[in-house]
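Everything quoted here is computed from the prediction, not taken from an experiment. These numbers come from the heavy atoms of this one structure, side chains and all, not from hydrogens, waters or symmetry mates.
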Amino acid sequence: MRLTVSAHDDTRKLIVLAVDDELAGLDELSHGLQNNPHIHRVFQASDASDALRLFSHDDPELAARRANGLPTVDAVFADIDMPGLSGMEMSRVIAAMNPSPVLVFVTGHAEEAVNAFDLGAVDYVLKPFQQDRLDRSVARVREKLATAASPPAGQGGAEPVKNDDEVIPVELAGTTKLIPRSSVRWVEAQGDYARLFTTEGSHLVRIPLAQLEERWEKAGFVRIHRSFLVALPLITEMRMGQGGYQVVIGNEEKVLPVSRRHTRALKDRIVGSGRGG
């Protein structure tokens, strides 16, 4: 393990950990982090096991952070595909720490994005990356830390309210765009993919509709058809059409079909009875 690389000498700025088993990749990531003016110190680890050792390291600055109830480092920027313990397995351990650092994945493997955000990662950077892309990740880390440190209005020093708004990563021309679940109005199945419809447009993601149905049920999404999942609070009308029941979504008057097998359950959800009759 290369223990530390000094960057900007300002302890109010971030202390981060860069993890990559490829020396060239580790150097590039560390150099990019050092170039960011909001980074104070960059630790480096060439594998997941070395990275986890840092969390008990006796470095005076890190020990002081732990003594004050802070995470050992503010953020971990990690590759995924590493020998031995993978970056994803390492991150599950880190995410379970209390307090835990912010997670960012920097990798050449786009297919792990969904799992990364399930772990609470704030960003997923695809290699090769430019400095401005890494800078945006640092900005997201700072926003996450600021949100965690600021209590909601009127609660003084109370615990901050947990944000359960899941984000879905969407790849657009080499850039990962984060789509909040709260912005999704309905979802349409397209084979093994799903198309998310938001107020700003639509986005195709490689997630089966059935998986989204299971993950989003408690967030108010309801299956109305084998091809459609809808945000229940946005249904403004349920009516009989030529081929059966239909629902109207929001102010845009979008009409979607309701299959016969889902009609009774949808009616029960809408009226809130939870029973037929």
Side-chain angles (χ1 to χ4, degrees), residues 1-8 13-52 54 73-95 101-145 167-180 192-193 196 201 203-207:
M1 177 189 243
R2 288 190 284 177
L3 289 179
T4 183
V5 177
S6 297
H8 305 277
K13 296 179 181 179
L14 304 182
I15 296 178
V16 300
L17 169 62
V19 189
D20 196 322
D21 65 301
E22 295 183 357
L23 182 59
L26 182 60
D27 285 343
E28 182 181 12
L29 177 57
S30 300
H31 182 71
L33 290 169
Q34 285 179 272
N35 284 340
N36 186 284
H38 299 290
I39 300 295
H40 162 56
R41 201 172 178 192
V42 180
F43 285 82
Q44 300 176 344
S46 57
D47 60 48
S49 297
D50 274 350
L52 292 175
L54 180 71
V73 293
D74 293 298
V76 177
F77 291 75
D79 192 12
I80 288 179
D81 188 16
M82 296 187 289
L85 195 67
S86 74
M88 197 65 70
E89 292 167 332
M90 175 197 72
S91 296
R92 289 191 181 95
V93 175
I94 292 174
V102 179
L103 291 173
V104 175
F105 288 94
V106 184
T107 179
H109 300 275
E111 66 274 9
E112 290 284 359
V114 172
N115 293 330
F117 286 103
D118 280 345
L119 283 173
V122 300
D123 205 358
Y124 194 91
V125 181
L126 287 177
K127 299 177 180 178
F129 57 84
Q130 301 296 321
Q131 182 68 45
D132 62 342
R133 181 65 184 90
L134 194 60
D135 289 343
R136 292 202 300 273
S137 287
V138 173
R140 287 173 178 166
V141 169
R142 296 179 68 233
E143 289 171 4
K144 177 74 172 181
L145 293 171
V167 294
I168 299 294
V170 177
E171 292 300 322
L172 296 172
T175 298
T176 304
K177 183 175 183 180
L178 305 183
I179 307 299
D192 292 334
Y193 291 76
L196 312 178
H203 309 275
L204 191 65
V205 294
R206 191 167 187 174
I207 308 174

| field | Passing candidate, side chain to side chain contact (heavy atoms under 4.5 Å, CB included) with Val138, options Asp74, Asn36, Val104 | value |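 Filter result, single survivor: Asn36.
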Contact between [X] and [Y] at the side-chain level, heavy atoms closer than 4.5 Å - yes or no?
X      : Y      : answer
Leu145 : Leu14  : yes
Val42  : Val16  : yes
Gln34  : Ile39  : no
Val205 : Leu196 : yes
Glu28  : Val106 : no
Phe77  : Leu134 : yes

| request: Not counting sequence neighbours, which residues clear side chain to side chain donor-acceptor pair (under 3.5 Å) with Glu22? List them please. | output: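 Residues passing side chain to side chain donor-acceptor pair (under 3.5 Å) with Glu22: none at all.
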| task | Check side chain to side chain donor-acceptor pair (under 3.5 Å) between Asp81 and all other residues, then give those that pass, not counting sequence neighbours. | result |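 Checked Asp81 against side chain to side chain donor-acceptor pair (under 3.5 Å); zero matches.
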Mind checking the [atom1]-[atom2] spacing from [X] to [Y]? Nearest 0.5 Å is all I need.
X      : Y      : atom1 : atom2 : value
Ser86  : Arg92  : OG    : CZ    : 7.0 Å
Leu29  : Gln44  : CG    : CD    : 8.5 Å
Ser49  : Leu54  : OG    : CG    : 13.0 Å
Asp135 : Arg140 : CG    : CZ    : 12.0 Å
Asp50  : Leu17  : CG    : CG    : 10.0 Å

| message | Set out, in order, the CA-CA distance, both residues' side-chain angles and the distance that settles side-chain contact (heavy atoms from CB on, under 4.5 Å) for Asp79 and Leu26, then state yes or no. | response | CA-CA 9 Å; Asp79 192 12; Leu26 182 60; over 6 Å; no
Tell me every residue that passes side-chain contact (heavy atoms from CB on, under 4.5 Å) with [X], counting only those two or more places apart in sequence or in another chain.
X      : answer
Asp132 : Gln130, Arg136
Ala78  : Val19, Val76, Met90
Ser91  : Leu103, Phe105, Leu119

| message | Under 4.0 Å between a side-chain nitrogen and a carboxylate oxygen: does that hold for Arg133 and Asp123? | response |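 Yes, this pair counts.
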| request: Please name the pair of heavy atoms, one in Leu126 and one in Gly108, separated by the smallest distance, quoted to 0.1 Å. | output: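 Smallest interatomic distance, heavy atoms only, reads CD2-C, 4.4 Å.
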| field | Under 3.5 Å: donor-acceptor pair, side chain of Asp21, backbone of Asp47 | value |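 Between the backbone of Asp47 and the side chain of Asp21 there is no qualifying donor-acceptor contact (under 3.5 Å).
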